[in-house]
Amino acid sequence: MKMVTRTVDLRSDTVTKPSDVMRAAMANADVDDDALGTDPTAFRLESEVAKVMGKEAAVFVPSGTMGNLIAVLVHCEIRGSEVILGDDSHIHVYENGGISTFGGVHPKTIKNNPDGTMDIDKIEAAIRTPIDSLYYPTTRLICLENTQANCGGRCISAEYTDRVGEIAKKHGLKLHIDGARIFNASVALRVPVHRLVQAADSVSVCLSKGLGAPAGSVLVGSKNFIAKARRLRKALGGCMRQVGVLCAAAYVALSENVSKLEDDHRKAKIIAEGLSQIEQFSVDTKSVETNMVFFTILDTSVLSPKRLCQVLEERGVLVLPSSSTSIRIVLHYQISDNDVNYALTCIKQAVHQILTEASPNNGN
């Protein structure tokens, strides 16, 4: 087997390595015990994220999954509550059923449209009130995701979020936004991030995806909401001690890497365009709005996602299947233009290799 001399990791924007600036910030971080509420670096990060998001307060959590779980549990304090969310949302698909396991919260799913939204009329029709309590759980929360990852990293507009927020207020519900890639949406839409979440009661902001921090998310909301969130963070084991070491790197990510997201989006479009030139693939290039590219293999009888990923890995290009017929590619700031060109070349070579191996005349 040919020795792999380089690696281009396109599995996710979670695979970035801490920059030298981040490592220096971590080494020199001013820290204390965050469980006692006295870690100055954690306080600085939380204050900055709250300010940027236009909310009263914030709390650092180890992961976006924990941030979303805490938010749902705060808004749905009564067991048997119901939350309305997309059938393809991260909370519903990828978070281990935590809202049900830990909170006794029932998910009411609405089909996600290709653009990541849910139909407004379907959201409103799904709301169930205490009057229905003899038969049904009571709806207390609506969750949106921005960007909507499983729909290709699509951006949810401020106007759409406002409309969902109006429905929530009309029915006495809360609105939570899983903002794992909210800064990608802000950059792509050219709308300030605080405007995108203006209608939300809470937002989980991931700093270890497109922004490249080594770990961590920040949950934002009202002072009362965050006070409850801190108690739940403690109960779930997410309250750490000298967490300023992580928060220092996250602060660098927030300060330095938002401006780099636009370049990620540009490179994603280059990859999408390159993939669209390969006749075995189908790519909706117009749907590529941020740093994610999904492409479909038209005939998987020979060229399966699993096999393509295996051959690409042998060439040092790492990608992941997203279904039995499709593959996901995610860009991040540590992927260069040269890496993009290399990946496209390897993909073309891998397709040729697999088809040649499967040819009845191979070896004759």
Side-chain angles (χ1 to χ4, degrees), residues 13-14 16-71 74 146 176-187 192-194 196-197 200-234 236-261 332-333:
D13 46 7
T14 62
T16 54
K17 307 297 189 292
S19 65
D20 290 342
V21 177
M22 288 181 191
R23 291 179 188 274
M26 295 169 76
N28 297 309
D30 183 12
V31 298
D32 204 322
D33 190 336
D34 190 46
L36 300 178
T38 53
D39 189 299
T41 306
F43 178 78
R44 180 178 70 152
L45 175 67
E46 290 165 349
S47 299
E48 182 63 21
V49 175
K51 177 182 176 183
V52 168
M53 305 303 289
K55 302 302 180 187
E56 289 182 350
V59 60
F60 181 86
V61 292
S63 69
T65 293
M66 183 179 284
N68 286 330
L69 175 61
I70 290 172
V74 171
N146 199 7
H176 172 68
I177 295 178
D178 173 2
R181 295 180 177 88
I182 193 71
F183 287 100
N184 290 87
S186 173
V187 168
V193 69
H194 68 83
L196 290 180
V197 301
D201 296 285
S202 60
V203 188
S204 178
V205 184
C206 188
L207 300 174
S208 65
K209 290 190 169 70
L211 298 188
S217 288
V218 176
L219 186 60
V220 301
S222 68
K223 290 180 181 178
N224 182 57
F225 170 85
I226 294 300
K228 293 179 179 180
R230 286 185 181 277
R231 288 177 60 86
L232 279 168
R233 181 185 69 163
K234 178 66 175 174
L236 292 169
C239 183
M240 297 179 283
R241 301 298 179 177
Q242 286 72 42
V243 73
V245 173
L246 290 175
C247 291
Y251 193 88
V252 171
L254 184 66
S255 304
E256 296 191 356
N257 291 347
V258 174
S259 62
K260 299 175 184 177
L261 295 175
H332 53 81
Y333 81 100

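The first residue of the sequence shown is numbered 1, and numbering continues consecutively from there.
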| query | Is there a side-chain contact (heavy atoms from CB on, under 4.5 Å) between M53 and V205 once you walk through the steps? | reply | CA-CA 9 Å; M53 305 303 289; V205 184; 3.6 Å; yes
| task | Would you sort out whether I70 and R233 count as a side-chain contact (heavy atoms from CB on, under 4.5 Å), showing the intermediate values? | result | CA-CA 7 Å; I70 290 172; R233 181 185 69 163; 3.8 Å; yes
| said: Run the side-chain contact (heavy atoms from CB on, under 4.5 Å) test on F60 and L246 for me, step by step, so that the C-alpha distance in whole Å, both residues' side-chain angles and the decisive distance to 0.1 Å come before the verdict. | reply: CA-CA 10 Å; F60 181 86; L246 290 175; 4.1 Å; yes
| said: I'd like to know whether N184 forms a side-chain contact (heavy atoms from CB on, under 4.5 Å) with N146, so could you lay out the CA-CA distance, the side-chain angles of the two residues, the decisive distance to 0.1 Å, and finally the verdict. | reply: CA-CA 9 Å; N184 290 87; N146 199 7; over 6 Å; no
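Among all heavy-atom pairs drawn from L45 and V218, the shortest one is CD2-CG2, 4.2 Å. The shortest non-hydrogen separation linking L219 to A229 is CD2-CB, 4.0 Å. Nearest heavy-atom pair, V31 versus P40, reported as atom, atom and distance to 0.1 Å: C-CD, 4.0 Å. Nearest heavy atom pair, residue M22 against residue P214, reads SD-CD, 4.1 Å. A pairwise comparison of heavy atoms in V220 and F225 identifies O-CE2, 3.9 Å as the closest pair. The two residues A213 and A250 make their nearest non-hydrogen contact at CB-CA, 3.8 Å.
For residues 205-231, every residue pair satisfying the side-chain hydrogen bond (donor to acceptor under 3.5 Å, both in side chains) rule, not counting sequence neighbours, is listed here: E46-R230.
The distance from atom OG1 of T38 to atom CD of Q242, rounded to the nearest 0.5 Å, is 8.5 Å. Taken to the nearest 0.5 Å, the CD1 atom of I177 stands 11.0 Å off from the OG atom of S204. Atom OG of S47 sits about 9.5 Å away from atom OH of Y251, to the nearest 0.5 Å. Atoms OG and NE2, from S186 and H194 in turn, are 8.5 Å apart once rounded to the nearest 0.5 Å. The distance from atom OG of S63 to atom CG of L69, rounded to the nearest 0.5 Å, is 9.0 Å.
Counting only heavy atoms from C-beta outward, the side chains of L254 and F183 approach each other to under 4.5 Å. Proximity of R44 to C247: side-chain heavy atoms (C-beta onward) are nowhere separated by under 4.5 Å. With a 4.5 Å cut-off on side-chain heavy atoms, V258 and L211 count as touching.
No donor-acceptor pair closer than 3.5 Å links the side chain of S202 to the backbone N or O of A71. A donor-acceptor contact shorter than 3.5 Å links the side chain of K55 to the backbone of V197.
Under the 3.5 Å distance criterion, with hydrogens and angles disregarded, a donor-acceptor pair is assigned to the side chains of H176 and N68.
Ion pairing between R241 and D39 fails under the 4.0 Å rule for side-chain N and carboxylate O.
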